[in-house]
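Heads up: the structure comes next, in structure tokens.
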Amino acid sequence: MEGFWVKGGECIRGSICVDSAKNAVLPILAAAILTQDAVHIEHCPGLMDVYAMESMLKMLGCACRWQGDELTIESSRLHNWEMPDAISKQIRSSIFLLGPILGRLRKATVTYPGGCEIGIRPIDLHLKGLRALGVRITDGEGILYCDGGAMHAGDVYLDYPSVGATENVMMAAALLKGTTYIHNAAREPEIEDLQRFINAMGGKIRGAGTQLIEIEGVPTLHGITYRPMPDRIVAGTLLCAAAITGGEVTLKHVCPRDLIPVEAKLTEMGCRMYDEENSVHLIAPKTLKSFSTLQTQPHPGFPTDMQAQMMAVSCLARGCGVIVENVFESRFAHVSDLNRMGARIRVNGRVAVIEGVRKLHGCRVCARDLRGGAALVLAGLAAEGETVIENARLIDRGYAALEKTLTELGGRIQRMTLKTDGGIT
Ligand code: EPZ
């Protein structure tokens, strides 16, 4: 198993360029099959989830090739509408292919994607949205047979502003004659990026970033070259790395507007933030003070994907902070390991109370989900002594070579192979 070794005590400081966003790239790669032309995705991040999406596209009959960090998808030979069972179960983001496969082939077979470490991750809203577009879906013991022969534009109401369900309906409706409306749509920046991408291919979508999205179907879409938006969660994680180590960092190729909730909370903790057009600069205080309360919400609320990282920072802040995780039902898996490092966190359901401590101490911990793992790396950077974080591959799902990025910013972190007996090779 791969892990990270971290030696605490160094300040994270310096300047770095942030990669394109995982949560924008995944739906964009899926949407690429809406055209038979070649689609070139520039600055595509080398993430495990991106490679997994690439392998799913290949299984559907697409040609995919890398040239440096540009990934080209060519789907003229797309013929397979069945998502392999193993893949659907293993890779949750396979669900993003449902809408585009239906949009292109008018039929699809997918297995219910499994839940994951942070929740059961149902897809009822995806299915309700597609059924509102006339897709006939039958559930054959966990396998969904989708018939889009009678698909039509229509009104979709989402009971909850689900990011994935909003994106699936946008992609399913892009080639549907007529106008489709998504009411109570998710408003995340990644939705706006998907709209920009589909419109660059010749689509006619308006309203992304608001609760009402209008999709005017077009007969065909054409190939393009596209650079996805910067990763606001990677950016927020690096800001937290500087904050927790008393450092100073400049992040380039970021969109400050996407970081407003995170910057607001870090400012509350005593960090000084300076925004420019495509960069943000953070100067950490000598001593952090805790935010009073942090509630995760759908955008423009505080992003759930930054909850764990902010919890790590608050462990070393003066005072007591309360975090309420409103989006996912089990997203506190990192608490036990943070407490093993000396943090004082109590959890009751979706509420965590963090009593700041003067120091954390390094020890062997385990990443249990992507963002919780990143939080443990942050804690290791600030802890006294050495920390080993097991399950680095889980963190690789959302951070490309995190150890290289943090080393470039002055951190002491290495990737290593861990022996099952607890030893290190
Ligand atoms: C996207 O997941 C992101 N993933 C997640 O990032 C992110 O945490 C989440 O949006 C919320 O912002 C990608 O974009 C690839 P949702 P998604 O549908 O689309 C419930 C990360 O760390 N729900 O908005 O799955 C669901 O259970 C990942 O990068 C239903 O009940 O999120 C959850 O409680 C983690 N029925 C809530 O909605 C449905 O049909 C939010 O889910 C769909 C969702």
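Atoms within each ligand, like the ligands themselves, are counted from 1 in listed order. Below, all heavy atoms of this structure are taken into account, side chains as well, without hydrogens, waters or symmetry copies.
For atom 40 (O) of ligand 1, the closest heavy atom belonging to the protein is L125 N, 2.7 Å. Nearest protein heavy-atom contact of atom 18 (O) of ligand 1 is S162 OG, 2.7 Å. Distance from atom 3 (C) of ligand 1 to its nearest protein heavy atom, with residue and atom name: N23 ND2, 3.7 Å. Of all protein heavy atoms, the one lying nearest to atom 26 (C) of ligand 1 is F328 CE2, 4.2 Å. Counting protein heavy atoms only, atom 8 (O) of ligand 1 is closest to D305 OD1, 2.6 Å. Scanning the protein for heavy atoms near atom 11 (C) of ligand 1, the closest one is T304 CG2, 4.0 Å. Atom 16 (P) of ligand 1 has its closest protein heavy atom at V163 N, 3.7 Å. The single protein non-hydrogen atom nearest to atom 36 (N) of ligand 1 is D124 OD1, 2.7 Å, given as residue, atom name and distance.
Just one of R368, Q307, Q309 meets the side-chain hydrogen bond (donor to acceptor under 3.5 Å, both in side chains) condition when paired with H334; it is Q307. When each of I191, I215, I205, D155 is checked for a side chain to side chain contact (heavy atoms under 4.5 Å, CB included) with I182, only I215 meets the rule. Checked against I137 for a side chain to side chain contact (heavy atoms under 4.5 Å, CB included), the options L144, L98, D147 give a single hit: L144. When each of R257, R232, R187 is checked for a salt bridge (charged side-chain N to carboxylate O under 4.0 Å, His left out) with E192, only R257 meets the rule.
In terms of modelled atom types and a separation under 3.5 Å, the side chain of D231 and the main chain of K22 share a donor-acceptor contact.
Other residues, nucleotides and ligands contribute more than 12 heavy atoms inside 6.0 Å of the CZ atom of R131. Other residues, nucleotides and ligands contribute at most 12 non-hydrogen atoms within 6.0 Å of the CZ atom of R346.
Both the backbone and the side chain of H126 come within 4.0 Å of ligand 1, counting heavy atoms alone. Under 4.0 Å from ligand 1, not a single heavy atom of E167 appears.
Classification of the H43-H253 ring pair by plane angle, with boundaries at 30° and 60°, yields tilted.
Under the 4.5 Å side-chain criterion, counting only non-hydrogen atoms from C-beta, D139 is not in contact with I143. Side-chain atoms of Q36 and L221, non-hydrogen and from C-beta on, never get closer than 4.5 Å to each other.
In summary, the atoms of ligand 1 found under 4.0 Å from a heavy atom of K22, numbered by their order in the structure, are 21 (C), 29 (O). Those atoms of ligand 1 with a heavy atom of G164 less than 4.0 angstrom away are 18 (O), 19 (O). For ligand 1 and Y160, the ligand atoms under 4.0 Å from any heavy atom of the residue are 37 (C), 38 (O), 41 (C). In the vicinity of R331, heavy-atom distances shorter than 4.0 Å reach the ligand 1 atoms 8 (O), 22 (O), 35 (C). Atoms of ligand 1 lying under 4.0 Å from at least one heavy atom of R121, given by number and element, are 2 (O), 17 (P), 25 (O). Residue-ligand proximity, R371 to ligand 1, at heavy-atom distances under 4.0 Å covers atoms 21 (C), 22 (O), 29 (O). The atoms of ligand 1 that sit less than 4.0 Å from any heavy atom of I118 are 35 (C).
Looking at R397 and D369, no side-chain N of the basic residue comes within less than 4.0 Å of a carboxylate O on the acidic one, giving no salt bridge.
Within the 4.0 Å heavy-atom shell around ligand 1 one does not find Q307.
Of the candidates G398, P122, A165, the one placing a heavy atom closest to atom 43 (C) of ligand 1 is P122. Comparing I123, V25, V327 by heavy-atom distance to atom 33 (C) of ligand 1, the nearest is V327.
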| message | Set out, in order, the CA-CA distance, both residues' side-chain angles and the distance that settles side chain to side chain donor-acceptor pair (under 3.5 Å) for W66 and E54, then state yes or no. | response | CA-CA 10 Å; W66 289 88; E54 179 194 358; 3.0 Å; yes
